[in-house]
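Before any comments, here is the structure.
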Amino acid sequence: MAPLPPGIMKDRSKPAADRQLKLGALCQSLADLFWIAQAWILATAVLAMVNGTGVAALLGPALGFAAIGMARTGLDAAGRRLAFRSARQTLTDLRRDALDHLGRRMPLDPTLPASGTLAALLAEQAEAVTPYLQRYVPVRWRLMLVCPALLLAVAWHSWAAGLILLVAAPLIPLFMALIGIRAKKASEEQLMAVGGMNGLLMDRLRGLPTIRALEAEDAVAGRIQTLATKVKQQTMAVLRIAFLSSAVLELFSALGVALVAVYTGFHLLGQLEWGTWAGRLDLAQGLFILLLAPAFFEPWRDLAGAWHDRASGEAAIKALNALTGTAAVAAESQSAPPPPAGTALLLNGIRFAYPGAAAPVIDGFDLSVRAGERVALLGPSGSGKSTLLALAAGLLQAEQGNVQRQGHIGWVGHRPFLQNASLAANVSLGRAGSDAGGLIRRLLPGKEAARRIGEGGVGLSGGEAVRLALARALADPDAALILADEPTAHLDADTAAAIADVLVEATAGRTLLVATHDPALAARMDRVVEVGA
Amino acid sequence: MKRDLLTILALFQRAAGRPLLLGLLVAGVTVLAGVTLLGLSGWFITATGIAGLAAGAALGFDVFRPGAGVRGLAILRTGARYGERLLTHDATLSVVAALRVRLFRALARPGLARALVQRPGRLLFRLTGDLDALDALYLRLMVPLASLLLMALAAGTGLYLLIGWSGVGFGLYLLVLGLALLGLGVRGSLAPGGQRAAALESLRLRVLDLTSGRVEWRLAGRAQAMRDLALAADRRLAQADERLNRLDITTGIIQGVAGTALMAGALLLGATLVAGNAITPAVAALLLLVSMGLMEPVAALRRGAVELGRSLRAATRVAADLRPLPAPATPARPAEGVALRLEGVRFRHEGAGAALFDGLSLTVEAGQHVAILGESGAGKSSLLALVTGEQRAEAGSIGTLPWTLLGQETALFQDDLRANLALADPTADDARLIQVLADAGLADVVAALPAGLDSLLGEGGSGLSSGQRRRLALARFLLRDRPLWLLDEPTDGLDLPTARDVLARLKARAAARSLLVVTHLRREAMLADRLIRLEKGRISLDVRREEAGFEEALTGLRGD
């Protein structure tokens, strides 16, 4: 039996959930064993019929059979309940760990998967964890407890029937292991195809207005068709393997039962005298063996049923662990000492290269900004001024050199994140004590604070989006350092001037660092630093 | 609900009716083979046991036909199960893949998408989660239901032949039990199934918000709060799971009790019939083993019913999305010699009190180059949205020539450069693509990329600087050959030399076309020979190049 993947049950430090799952598995296993008694009652009852016993004498056995059956149903239900609760708790734990880890990663870390992929992983893909643990783990217990017990009960009467079961059983894991190797690979490929399709769909849906403007609906639909077909093929590849493994099982179990039935029949007829410990079996013993044979294969069949759960559950756990296993951690945890008093920001010997790029975009950059100073980073697009701002804000980790800064940061992003919520909520971002209404009146005159905007800023012009980002940065009264990335790029002349005024006015007492290619804005600053070129 | 379910099932039937029907039949064969195998084995052993007791009878007993039957049924069952699964899953996956494309097209219609595009995450969910949930309608409802009906029919008929009228009772018992569990499961799972789907969607959207806005959340100190919000969605999901699990356990207990009662009843019935010499003990054993196997389709139907709530909710939404919309007004063509004409247009933003435009009229003659000026919020972007049909006017008429747009925020897609360009013209060859890249001032950048046109762009065009992104959008715009050009601040954010270069190239190519440029930059307005200024939705200035006031209007704009 394949062991559970490391880090799921063993060292998850959730012993309560683990114990609950084991207890649930134990209950389900015990419930299965009740069938031995029920089968014996049935077998002896048929023998009694052959011997001509009346109906009245069978009333007792029938009631006994029913009573054991009820107890079995109850115990099994309790076991399944326990297993579910434990598995569901583990899923919540895994999600919490992944979210906590995302909180520690560098926000602009280019190795982070796309947002759509992450959302799909934490939502739908992670859902595979519950059925996997809830079904697969109890099945493993039943295999280890129930199958040997049933085998023993059969072999007690007839070693030949026991031998048939014993021979059929080990062939099953052998074949399943062979198939399992391929199942895992196919399942990972399928997950990737699903993730790829979801990423593509999200990307295209975001750009739906552009697609319509280009009248490219057909081309995109064609692309989606290709990917959907690929996902279908990958899914079928996974399913074919899963079905094959259960077909192998069904074949061995069906043939096992059939062989036991045929052997027992011939033996009862007296045509096969061997196979028992002493003398010929009676009818009750024969029927008893026949009734136990399908039950012997039942856990194996359930294993096949849980096989697909196992593949997707393990793949999901692996993807979640790959996410939380990455080492990149934000600067907060390895915080540099604050700069000397009077200095708001100190960049020292900064070097940074994007992964895969031939040359670093920034190499040996030094900058010291005094508290209250207004500085412009001036340079053409692609010169690395936006990267410098991200490094200063701690959104990226420099390869070399260090960043020291004082106080909170107010960020005016290049392409601000805009939520499907009211303007006021987009400005305050849920922070208590921010004067969202006042800032909206000042920076977005004529806009109602309660007006709702769409995801990505649908309903706002490009200029308004940047003004909203500015309001958002100024909403934090403790933001001592305002970092602005091309704040006037999308604004008309009058508004750009007004924004520059507001920037200068509102940052009185705060420090301002602006990345821009607009000389007019740069001229409003105390100092201009040329970047690149 | 019922009508939506029928809509979806009709779509299934139309997409792959025959394989789906075949799947139902093969599924029925599978369960019948299973129950026959059990019954035959029980009969065989009991009959041989009885024959073995009587010395002479053993020799005359035909062991070979039942023995071969047992083996044959075992193999038939295995093969049928494998075939059924392949058949049913392949058919449903094909249906779902086809529906995905259909649904995308439906969602891309302007009328529907305008509301939905505010939350692409929600749209995505329609195209993934909802559609994937639909396959359960067939696999977990239709397949076990068909098996149950076939099994009830076969058991009723077969047992009637063996033991008389009481045999019909077995078929009826099976039918009533199966349908009752189906009803209980569907009724009980509808509300938590819906809650589950909603919570899962909410979890996905919150994770999406959390990851796509991670810079803002982090710097605002709200990252922890967003994490808590996502975990709250997981908590609601867990509550729904809990309710569904309780339903599963309850119906499971009913099934277990009913199955036990059936076998105990079969035992007593068999004993009664044997005592009355109506049947042999071998047939009584057959009855016992058959009643053991009868529960198989019931169990499958019960499990499916408990999970059906989610699929029914999805079916409702997908059916609603696919419902035909009133056909979008086909853009009227303006009169000969006119490129664009707005007549008495009234328009208000969704949810806004006052109308932005009320009686706006504007005519752009063919070949004319017009710049629309105005403050933020004066209605420049809304005017463009009306012309392109993204927004619908409340009153008035709009007629345009075929147009192409270079927007302020033109989306780039996670794909290679070639595919991004080819959206504008799928027939363009590489030479043409390189030509338009050069026209947009990107030739050197692309030439320096090791993979050239095959270079991949990241999410939203990441991997390129903002200026490069804009230039790529410009190249895509130039690929489209249309008589009317709509430009929305086309060189904003470009550095000056490239901006001037691109404007010069645009000007050279615009000669034979009509042009409408929305701008606040002097260099862009200089493309035009007619300036129109919007103020609060009204035209406050309309001058041509040769008229007085043209130069003043230009000088008032932001310079370089």
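By convention in this document, chain letters (A, B, ...) are assigned in the order of the sequence lines, proteins followed by strands, and residues within each chain are numbered from 1. When reading the values below, keep in mind they use all heavy atoms of this one structure, side chains included, and skip hydrogens, waters and symmetry mates.
- Residue contact with chain B, scored on non-hydrogen atoms closer than 4.5 Å, involves the side chain of A:Leu395 exclusively.
- Heavy atoms closer than 4.5 Å to chain B are found in the side chain of A:Leu239, but not in its backbone.
- Considering only heavy-atom pairs separated by less than 4.5 Å from chain B, the leading option among A:Met197, A:Gln89, A:His267 is A:Met197.
- No other option in A:Ala228, A:Gly430, A:Ala66 has as many heavy-atom pairs under 4.5 Å with chain B as A:Gly430.
- The candidate from A:Ala57, A:Ala48, A:Gly265 with the greatest count of non-hydrogen atom pairs under 4.5 Å with chain B is A:Gly265.
- Your options are B:Arg522, B:Arg476, B:Gln255, and the one with the most heavy-atom pairs under 4.5 Å with chain A is B:Arg476.
- Few gaps surround CZ on B:Arg227; more than 12 heavy atoms of other groups in view lie less than 6.0 Å from it.
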List the steps, then state whether side-chain contact (heavy atoms from CB on, under 4.5 Å) holds for A:Leu99 with B:Met226. CA-CA 10 Å; A:Leu99 286 169; B:Met226 290 306 288; over 6 Å; no

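- For the side chain to side chain donor-acceptor pair (under 3.5 Å) test, residues two or more places apart in sequence or in another chain that qualify with B:Arg480 are A:Glu215, B:Thr404.
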- Item | Residues B:Asp248, A:Arg81; criterion salt bridge (charged side-chain N to carboxylate O under 4.0 Å, His left out); working and verdict | CA-CA 9 Å; B:Asp248 180 35; A:Arg81 188 93 181 103; over 6 Å; no

Q: Would you please test B:Asp234 and A:Arg88 for salt bridge (charged side-chain N to carboxylate O under 4.0 Å, His left out) and show each step?
A: CA-CA 10 Å; B:Asp234 176 68; A:Arg88 191 59 189 73; 3.2 Å; yes

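- Contact annotation for A:Leu281: neither backbone nor side-chain heavy atoms come within less than 4.5 Å of a heavy atom of chain B.
- The candidate with the highest count of non-hydrogen atom pairs below 4.5 Å against chain A, out of B:Thr280, B:Leu405, B:Thr388, B:Thr46, is B:Thr46.
- Counting heavy-atom pairs under 4.5 Å between each of A:Gln38, A:Glu217, A:Arg80 and chain B puts A:Arg80 at the top.
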Next on the checklist: Please evaluate residues A:Arg223 and B:Val101 with respect to the criterion side-chain contact (heavy atoms from CB on, under 4.5 Å), reporting the C-alpha separation (whole Å), side-chain torsions for both, the decisive distance (0.1 Å), and the verdict.
Outcome noted: CA-CA 9 Å; A:Arg223 186 72 195 277; B:Val101 178; over 6 Å; no

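- Atoms CG and CG, from A:Asp100 and B:Leu231 in turn, are 7.5 Å apart once rounded to the nearest 0.5 Å.
- Heavy-atom pairs under 4.5 Å with chain A peak, among B:Asn245, B:Thr211, B:Leu210, at B:Asn245.
- Side chains of A:Leu102 and B:Arg214 form no contact here, defined as non-hydrogen atoms less than 4.5 Å apart.
- Of the residues considered (A:Val260, A:Asp218, A:Ile41, A:Leu200), A:Asp218 shows the highest number of contacts with chain B, using heavy-atom pairs under 4.5 Å.
- Interface remark: A:Ala247 contributes backbone and side-chain atoms alike to the contact with chain B (heavy atom separation under 4.5 Å).
- Looking at A:Ala479, there are no atoms closer than 4.5 Å to chain B (heavy atoms on both sides), in backbone or side chain.
- Heavy atoms closer than 4.5 Å to chain B are found nowhere in A:Leu47, neither backbone nor side chain.
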May I have the step-by-step check of side-chain contact (heavy atoms from CB on, under 4.5 Å) for B:Val215 and A:Phe417, ending in yes or no?
CA-CA 8 Å; B:Val215 168; A:Phe417 161 73; over 6 Å; no

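- Among B:Ala223, B:Ala74, B:Ala424, the residue making the largest number of heavy-atom pairs under 4.5 Å with chain A is B:Ala74.
- Ranked by heavy-atom pairs under 4.5 Å with chain B, the list A:Arg431, A:Gln225, A:Arg72, A:His408 is led by A:Arg431.
- With chain A as partner, the option from B:Gly67, B:Ala220, B:Gly42 having the largest number of non-hydrogen pairs under 4.5 angstrom is B:Ala220.
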